[in-house]
Structure formats: structure tokens, C-alpha cells
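Bear in mind the structure is a predicted one, so any value in this text is a computation, not a measurement. Starting from 1, each residue takes its place in the sequence as its number. We count ligands from 1, going down the list as the structure has it; atoms in each ligand are counted the same way.
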Amino acid sequence: MFHHVEPYAGDPILSLNEAFGKDPRTDKINLSIGIYFDDQGKIPMLASVRRAELKVVEHAGARPYLPMEGAANFRHEVQTLLFGANNPALQSGRVVTIQTVGSSGGLKVGADFIKRYFPGSEVLVSDPTWDNHRAVFEGAGLTVTTYPYYDAATGGLRFDAMLAALSLAAKHSVVLLHACCHNPTGVDLTKEQWQQLLPVLQERELIPFLDLAYQGYGDGLYEDTFALRMLADSGISFLAVNSFSKNMGLYGERCGGLTIVCPDAAQAVNVLGQLKANVRRNYSNPPLHGGQIVAFLLGDPAIRTQWETEVDEMRARIKAMRTQLHAVLSAKLPGRDFSYFLSQRGMFSYTGLSPEQCERLKNEFGVYILRSGRLCVAGLNSSNVEATAVAIAAVLT
Ligand code: LMR
């Protein structure tokens, strides 16, 4: 019956992470998947999240289905986290948010919405982008093309080329943008560049679709929502997904949101209705437990403050690892410029290493980074940063 089913080549990120798990070497180093590890090399159980979970368990009762759009308290907390409680767009009722199965689930529900209501729209993603973006949008039946983004020569942004390409995009094209901590490069737009991008989006009537998977890992929980708030203030309509995988360490709970900022409250009612229909067709309704941890944490001022401090600490640790890796590499290879480790932000840096050099890192040194050259800085710690630098220096010489 299934002879015609072809083998699956595997996912470049998840398969490499699985290969790391099977590697018997005790000194192996996992810088592949986008997961935050603490200085002991463990995925932390945040104290704030633990406190919130205990409260949720204490109050847990029957477990009915959630509505298709998710829990009301979760949706409310997500909106205020993204835009601020007094944001005029929220107060006017033109913002709709649904609870999704991680931000990936939000991307898929959003992609289905685009396919249905803008069937001729192409999706433009940055070159490069997270490997799964293309798969999700193509999986929804949309055509995906790229706009210029990463500058391999400088380790920075090709902003002029990006603007020029988007200025030529067809009306109602969807532009996938990383709100902060670009995955895989760590190269972000500055505030001024976001402001320069805005008129291009408006003039071409483009549909921004923002991916905010790393809120808190760039400049701060509030600062990292700048692009969303700027777009909402401008009156432009857009989609955004957010995730609590990284900033709460709730990877396996699959807690995310899809938000659509609409022109007015009447359109928002219909948009929400169609998102619910999409959810019903895909997975009926989201799971209960993880979302309640998020909602409880965000709704409790004391626990929330504790969480904000923990996010600050994770961000500071990553920055310290960037500084150390840069220092050791610069000392080992004095003629080379490794300043991109300092200017790039968030969990990832794009090293510019070739696929062959990445293979050597894995095979000869047990250092796992993606074949694209993406290195997860959040996997570095005070015990492995030196060995990582030694390995990178070895494959570069
Ligand atoms: C990553 O980019 O490594 C993470 O977002 C995990 C994933 O699902 O790919």
C-alpha cells in the first residue's frame, strides 16, 4: 500500500540534535538546536515557572476542552505582554489573539488564513531564515521566495538591498520578519531601520508577518516588541506569532500565540471567527496545562517580576558567552575579525563556516553546529567555551 511513500530526509535542526544525543563522546558540545542551556549545560526549570505551575496544579479542577481560540486569560496576557495594557490598538478592539500549539502552530494557522483570503500572495522570507519557515508556508500551499538580508562580507544586514527588493514586491505579498534575535543569523534591524521599512510596507500594501520566538533575548521583554508596537501604532494590519518556549523554558508544552492586528473591531470579529475555523480544521483546540502556567505567571505581579529577572539573567549569560568566545578566538587567530559575535544578538550567531568546516567541527571535535554555520550561543558555558573556540580556530586554519 505505501511503496510510493518516499523516505523523509529529516529536519536539519531536529535531526542534528538527535544525532548529538546518540553521540557517545562525553566531551561533545551541543550548539545546534535553539534551546537555552544554563552554565551547567542543563535546560533550566525557571523558579518563576515552577511557582506558577504549582499554583496552577493547586487550583486544577476538571479538564474540559478549551475553546478553539484557547483560554481567555492566556490570550489577554499575551496581548498585554506584546503591546502593553493601555495600547490604543488593544483598546479599540482591533487586535485578535489565539492560543496556538507553539509559535509554529501559530505560523501554520496564519499561513492557512493567508492562503484562504490572499490566495495569490507570495510569502517573502529573509535570506536566510529559520529552515522551517519555508516548509510551513509551502505546506499551506503558498509560494515562498526570499528577500536579501544577511551580508556574508560584514556579518551584518543588507538593509538597502532588503528595502529595494521589498519596494518591488507585488501588492499584498506577505513579508515574514523576525521581530528580534533573527534566526539563524542574529542580525536584527535597528529601530531606525524598522522606521525606514514602515513606509515601504505601507506603500506596497504588504502584509507583515512577524515571528517573535525570542522575546527577552535581544534587549529586553519590552524592548523586543518594538516592531509590533510600531506597526500597531501606524495603523497597518499585520500578523504576529510569539512563543514561550525560550523565554519561559516551556519548549515541550507548546505555548504560543497568533495575533492579527486588524483595521477595525468589526473586521477583527470575522478574522477571529476564521482563525477559530482554521484551528478546528487543524487540531480542534489547544492544550490546557502549559498555557495556564503562562497565564498564571503573567497575571501574578510577584511571580512575573521574578520571571523578568530570570529572563534578564539568561540574556546576560548569553552576552557573556559572546564576549568570551570572541575574546578566545581573537587571541587564537589575531588577524581575523570575530566582532560579529558581539554585534549579533539573541541565541544565534552566523559564523560563516562552510558546511565542510561544520562537519569537521562535529566529527573531529564533537562540536555540533548547523551545516549553515549557525551556532547556538545559548549552548555555550564556562566549561565548554574554550574548547569550542579551540575547535573553531582549528577548522579555520
Ligand atoms: C531552532 O531554530 O533551533 C529552534 O527554533 C528549534 C526548532 O524547532 O527548530
Side-chain angles (χ1 to χ4, degrees), residues 8-21 28-38 41-44 100-111 125-140 144 146 149-150 176-188 209-218 224 240-258 283 287 290 311 314-315 318 321 344-351 353 355 358 361-362 367-380 388:
Y8 175 45
D11 176 86
I13 299 174
L14 302 182
S15 301
L16 190 62
N17 189 48
E18 284 166 21
F20 175 83
K28 61 187 177 177
I29 300 171
N30 190 3
L31 309 176
S32 63
I33 195 163
I35 290 182
Y36 177 88
F37 296 93
D38 63 17
K42 301 260 182 288
I43 301 175
T100 55
V101 183
S103 55
S104 300
L107 284 169
K108 176 62 167 67
V109 174
V125 300
S126 59
D127 177 22
T129 192
W130 180 47
D131 287 300
N132 209 28
H133 277 146
R134 179 179 283 276
V136 168
F137 286 101
E138 287 181 347
V144 178
T146 59
Y149 193 81
Y150 176 69
L176 191 97
L177 296 156
H178 301 229
C180 70
C181 309
H182 184 269
N183 181 3
T185 66
V187 174
D188 284 344
F209 197 147
L210 272 65
D211 190 341
L212 178 64
Y214 299 93
Q215 184 182 3
Y217 281 90
D224 291 349
V241 290
N242 74 293
S243 168
F244 296 101
S245 295
K246 330 281 176 176
N247 59 19
M248 290 196 188
L250 287 172
Y251 304 91
E253 294 289 349
R254 313 306 297 134
C255 297
L258 167 65
Y283 52 85
V311 173
M314 291 193 285
R315 185 175 65 254
I318 293 177
M321 285 303 112
Q344 296 172 354
R345 295 134 44 87
M347 275 195 177
F348 305 116
S349 263
Y350 225 42
T351 59
L353 295 181
C358 297
L361 277 183
K362 180 180 73 174
V367 175
Y368 283 66
I369 75 172
L370 300 191
R371 280 175 65 81
S372 63
R374 186 191 85 171
L375 179 152
C376 180
V377 190
L380 291 172
T388 300

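Considering backbone and side-chain atoms together, Ser32 places no N or O closer than 3.5 Å to any N or O of ligand 1. Considering backbone and side-chain atoms alike, Gly34 places an N or O below 3.5 Å from some N or O of ligand 1.
Here the side chain of Asp11 pairs no donor or acceptor atom with the backbone of Ser15 at under 3.5 angstrom. Side-chain N or O atoms of Asp224 include one that pairs as donor or acceptor with a backbone N or O of Gly218 at under 3.5 Å.
Taking the ring centroids of His182 and Phe348, they lie at or beyond the 6.0 Å cut-off.
Here Arg374 has side-chain heavy atoms under 4.0 Å from ligand 1, and that is the only part of it that gets that close. Of the heavy atoms in Asn132, none comes closer than 4.0 Å to ligand 1.
Under the 4.0 angstrom criterion for non-hydrogen atoms, Tyr214 is in contact with ligand 1.
Using a 4.0 Å cut-off to heavy atoms of Ile33, the atoms of ligand 1 that qualify are 3 (O), 6 (C). Proximity to Ile13 (heavy-atom distance under 4.0 Å) selects the following atoms of ligand 1: 1 (C), 2 (O), 3 (O), 9 (O).
For atom 8 (O) of ligand 1, the nearest protein heavy atom (residue, atom name, distance) is Trp130 CZ2, 3.7 Å. Of the protein's non-hydrogen atoms, Lys246 NZ, 3.1 Å is the one closest to atom 5 (O) of ligand 1.
Taking both residues in full, the closest heavy atoms of Phe209 and Leu258 are given as CZ-CD1, 4.3 Å, listed atom of the first, atom of the second, then distance. When all heavy atoms of Gly257 and Thr100 are compared, the pair lying nearest together is N-OG1, 3.2 Å.
Side-chain contact check for Asn183 and His133: no donor-acceptor pair (N or O, by modelled atom type) lies under 3.5 Å. There is a side-chain donor-acceptor pair under 3.5 Å between Asn17 and Asn30.
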